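The first residue in the sequence is number 1, and the count goes up from there. Please read these numbers as outputs of a predicted model, since none were measured by experiment.
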Amino acid sequence: MTDPFLRPKTHRAQASSGLLSDSSPASEETHDEFTHVELIFLEKRVQNWIRYGTVVSRIDILRAVRSGERYSTVPFVRPGGESLLRLAGWPKVEKVLQAIDIVEALGIDPVDAAPEHWRHVHNRLSVGERPRPYTPSRHRAWLHRRKAAP
C-alpha cells in the first residue's frame, strides 16, 4: 500500500473565476485553462501547503492567469501566476496569514480581494511597516473597478 502522504495533491485555480478545486495528482504536463498547485507533505522533510509555515517559512499569493498573459514561474505551480505577494520568514508569513484572516472575517473570500491589496501587504511588510487592513469600502471599490474594466 502506498503512503498517501507521499503523493502530491494538485489544486486547480481558474483565472476567470478564482476557483480553487481538488483534482487527482498531476504528474504529467497539463495544457488547460487551469493553474495547477501541488501541495506536498513528506513528514519532517517537505511540507508545501496553501498556508505554509514550518522550518522554512515562505508564502506566495498569485493570481491565476489567462492564456497568453505574462506570468512568473513558482515551484509547484503550473504554469505559474502573476505574483501579488512573496515573503519569507515566519514573522512576515504570520502577518500575511493575519491579513488573510482579516479579509475572511469580513465574509470575503481572499481570492476575491483586490489584487492591489495583496501587493500593498507585500510592499509594507517587506520594509517592516504595518499594512492597512482590507475594508468593505475598499472591496466595493474593487468590485466597481472590476465591473468597469474591459
Sequence neighbours excluded, the answer for side chain to side chain contact (heavy atoms under 4.5 Å, CB included) partners of Lys92 is Leu87
One should read off an interatomic distance between Ser126 OG and Arg86 CZ, to the nearest 0.5 angstrom, of 11.5 Å
All heavy atoms of Ala113 vs all of Val103, minimum pair found to be CB-CG1, 4.2 Å
Sorted by chain and residue number, the salt bridge (Lys or Arg N to Asp or Glu O under 4.0 Å) partners of Glu94 (sequence neighbours excluded) come out as none
In terms of heavy-atom contacts, Leu125 and Pro131 come closest through CD2-CD, 3.7 Å
The salt bridge (Lys or Arg N to Asp or Glu O under 4.0 Å) partners of Arg132 (sequence neighbours excluded) come to none
Value for OG (Ser83) from CD1 (Ile61), rounded to nearest 0.5 Å, stands at 9.5 Å
For Arg146, the side-chain hydrogen bond (donor to acceptor under 3.5 Å, both in side chains) test, sequence neighbours excluded, returns none
Hits for side chain to side chain contact (heavy atoms under 4.5 Å, CB included) against Pro133, two or more places apart or cross-chain, chain-then-number order -> Ile102
Scanning both residues in full, the closest heavy-atom pair of Glu69 with Tyr71 reads O-CD2, 3.5 Å
So CD1 of Ile59 and CH2 of Trp90: to nearest 0.5 Å the spacing works out to 8.5 Å
Residues pairing under salt bridge (charged side-chain N to carboxylate O under 4.0 Å, His left out) where one sits in residues 133-142, two or more places apart or in two chains, turn out to be none
Here the gap from Ile108 atom CD1 to Ile100 atom CD1, rounded to the nearest 0.5 Å, amounts to 13.5 Å
Hits for side-chain hydrogen bond (donor to acceptor under 3.5 Å, both in side chains) against Ser137, two or more places apart or cross-chain, chain-then-number order -> Thr135
The complete set of ring pair (Phe, Tyr, Trp, His ring centres under 6.0 Å) pairs with one or both residues in residues 99-122, sequence neighbours excluded, reads His117-Tyr134
Scanning both residues in full, the closest heavy-atom pair of Val65 with Gly80 reads CG2-O, 4.5 Å
Applying side-chain hydrogen bond (donor to acceptor under 3.5 Å, both in side chains) to Glu116 and not counting sequence neighbours gives Arg145
By side chain to side chain contact (heavy atoms under 4.5 Å, CB included), Asp109 pairs with (sequence neighbours left out) Val111, Asp112
Rounded to the nearest 0.5 angstrom, the CG-CG distance for Asp101 and Leu106 is 11.0 Å
Self-check item: Side-chain ion pair, Glu82 and Arg119, N-O less than 4.0 Å
Solution: yes
_Check Glu129 with Lys95, please: is the shortest side-chain N to carboxylate O separation under 4.0 Å?_
no
Scanning both residues in full, the closest heavy-atom pair of Leu85 with Val121 reads CD1-CG1, 3.7 Å
Contacts of Arg124 meeting side-chain hydrogen bond (donor to acceptor under 3.5 Å, both in side chains) (sequence neighbours excluded), chain-then-number -> none
